Structures are given as C-alpha cells and as structure tokens.
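Below is one structure; the comments refer to it alone.
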Amino acid sequence: MQPQARHFPRRNRIISGMARGGAVVEASPPQGSLITARMALEQGREVFAVTGAAMDPRARGTNGLIRDGANLTENVDDVLQALGQLSPLQLIENKNKIAGPVGQLSDAGDLESARHKIIQALGPSLSTVDELHRVCQFSPAVESIVLLELELAGRLERHSENKVSILMDP
C-alpha cells in the first residue's frame with residue numbers, strides 16, 4: 001500500500017504505544033514528532049525532550065513537551081538513567097502485569113474484563129476518551145491498550161478532539 005497522510009496519525013499512535021519511550025530533539029509546531037510524543041504522554045510512555053532557546057521557533061515544540069510532562073533531557077545519560085530504572089529482572093517479572101483499575105497493578109487476566117466493560121461503554125455515537133475513563137474507571141494505560149486493540153482490529157474509529165466511536169459489526 002502506498003503511504004497516505006491519513007494513515008500517519010494511526011501509525012504514530014501504534015509506534016508510541018510499542019515503545020518504552022521516545023526522544024524529540026527539535027520541533028516547531030506542528031510536527032509529526034510532536035504528535036507522536038503527545039500520544040506517548042497520553043499512553044503513559046516516557047518522553048524525552050531536549051530544551052532549546054526560548055526565542056528559537058525550532059525549540060517551541062520541545063519546550064512545550066517539557067511543560068506538559070516530558071523529561072528534560074540534556075544528554076544520552078538522562079535517557080539511559082530514566083529507562084534503566086527497571087533492572088532486566090524487574091522487566092521480566094513485570095512482563096505479564098498491567099496497570100489495573102484506578103492505577104493498581106493486576107494480572108493480565110483482568111484485561112479481559114476491562115475489554116468487556118470498555119466495549120460496552122462505547123457506542124456508535126462519539127464519546128471522548130475522558131468520558132470513557134469516568135465511566136469505566138480503569139487506568140489510562142489499560143484504556144489505551146484496549147482502544148489500540150480495537151483500532152488495530154478495525155472496530156474503533158478515532159475522531160478529532162480525542163473522541164472515539166465503535167464500529168458496529170456488519
């Protein structure tokens with residue numbers, strides 16, 4: 001398939017969801033890297049941004065990311081330190097755990113009940129992800145996983161202003 005501009009937001013969401021973190025060095029709004037970084041922040045991933053001069057338009061995006069919660073990054077050691085906080089053993093032990101309802105850690109088996117509740121809360125009419133969170137009371141990480149799964153399966157449509165709707169089975 002040929003690359004199409006309408007596929008980039010979905011691709012960026014998938015990329016940010018697959019990575020433990022991402023770094024942005026220079027970006028003036030609007031840039032694809034900023035879109036991907038904001039999605040990563042929404043998904044609870046680590047985002048690293050290299051600060052720039054306040055008056056430099058090329059630094060406006062990275063400075064905004066830092067203001068929105070990205071890690072201030074001066075060198076590669078900052079990234080390695082943040083990502084290296086979990087030892088390889090901890091990563092293996094946590095492999096099958098997810099953030100459960102209201103931020104608690106639970107077994108991956110609870111993901112199935114989260115899927116069921118989120119699918120029930122979604123409908124063909126548009127609803128915001130924030131509304132979904134208020135109704136379902138799962139952590140943003142769990143909700144992101146379920147919404148991404150639905151989107152990859154072709155059952156969820158994303159709309160502007162962080163709104164989603166479920167596609168009804170034909």
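Only a predicted model underlies this, so the values are computations on that prediction, with no experimental measurement involved.
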### Query
What pairs with Glu161 under salt bridge (charged side-chain N to carboxylate O under 4.0 Å, His left out), at least two apart in sequence or on another chain?
Lys163
### NE2-OG distance between His133 and Ser127, expressed to the nearest 0.5 angstrom
14.0 Å
### Closest non-hydrogen atom pair between Glu42 and Ser144, with its separation
O-OG, 4.1 Å
### Message
Nearest 0.5 Å, please: how far is CE in Met18 from CD in Gln43?
### Response
11.5 Å
### Asn71/Asp78 under side-chain contact (heavy atoms from CB on, under 4.5 Å): CA gap, chis, key distance, verdict
CA-CA 8 Å; Asn71 295 298; Asp78 294 335; over 6 Å; no
### Message
For Arg10, is there any backbone N or O sitting under 3.5 Å from a side-chain donor or acceptor partner on Arg158?
### Response
no
### Task
Determine whether Leu41 and Ile35 fall in the same hydrophobic cluster, where Ile, Leu, Val, Met, Phe, Trp and Tyr are linked whenever their side-chain heavy atoms lie under 4.5 Å apart.
no
### Task
Answer with yes or no whether the hydrophobic clustering places Leu122 together with Val129; edges join I, L, V, M, F, W, Y residues whose side-chain heavy atoms lie under 4.5 Å apart.
yes
### Task
Could you go through the side-chain contact (heavy atoms from CB on, under 4.5 Å) check for Val24 and Thr62 one step at a time?
CA-CA 7 Å; Val24 181; Thr62 53; 3.5 Å; yes
### Message
Do Leu132 and Val146 land in one hydrophobic cluster if side-chain heavy atoms of ILVMFWY residues count as linked below 4.5 Å?
### Response
yes
### Task
Kindly work out whether a path of hydrophobic side-chain contacts (I/L/V/M/F/W/Y, heavy atoms less than 4.5 Å apart) joins Ile119 to Leu148.
no
### Query
Given the rule in the side-chain contact (heavy atoms from CB on, under 4.5 Å) test, do Ile66 and Leu72 qualify, once you have shown the distances and angles that lead to the verdict?
CA-CA 6 Å; Ile66 293 167; Leu72 172 62; 3.6 Å; yes
### Query
What pair of heavy atoms forms the shortest contact from Gly154 to Leu167, and how long is it?
O-CD1, 3.3 Å
### Task
Return the minimal non-hydrogen interatomic distance between Phe138 and Lys117, and the atom names on each side.
CE1-CD, 3.7 Å
### Task
Considering non-hydrogen atoms only, spot the tightest contact between Thr36 and Ser16 and give its length.
O-CB, 3.7 Å
### Task
Following the transitive rule for hydrophobic clusters with a side-chain heavy-atom cut-off under 4.5 Å over Ile, Leu, Val, Met, Phe, Trp and Tyr, establish whether Met39 and Leu147 coincide in one cluster.
no
### Query
Does atom NE2 of His116 have more than 12 heavy-atom neighbours from other groups under 6.0 Å away?
no
### Task
Kindly write out the residues that satisfy side chain to side chain donor-acceptor pair (under 3.5 Å) with Asp68, not counting sequence neighbours, or none if the list is empty.
Arg38
### Message
Using side-chain contact (heavy atoms from CB on, under 4.5 Å), reason through Val164 and Leu150 one step at a time and then give a plain yes or no.
### Response
CA-CA 11 Å; Val164 293; Leu150 290 170; over 6 Å; no
### Glu112 to Arg115 - nearest heavy-atom pair and separation
OE1-NH1, 2.8 Å
### Query
How long is the span from the CD1 atom in Ile166 to the OG atom in Ser125, to the nearest 0.5 Å?
11.5 Å
### Summary
Taking every heavy atom of Asn63 against every heavy atom of Ala54, the minimum-distance pair comes out as ND2-CA, 4.2 Å
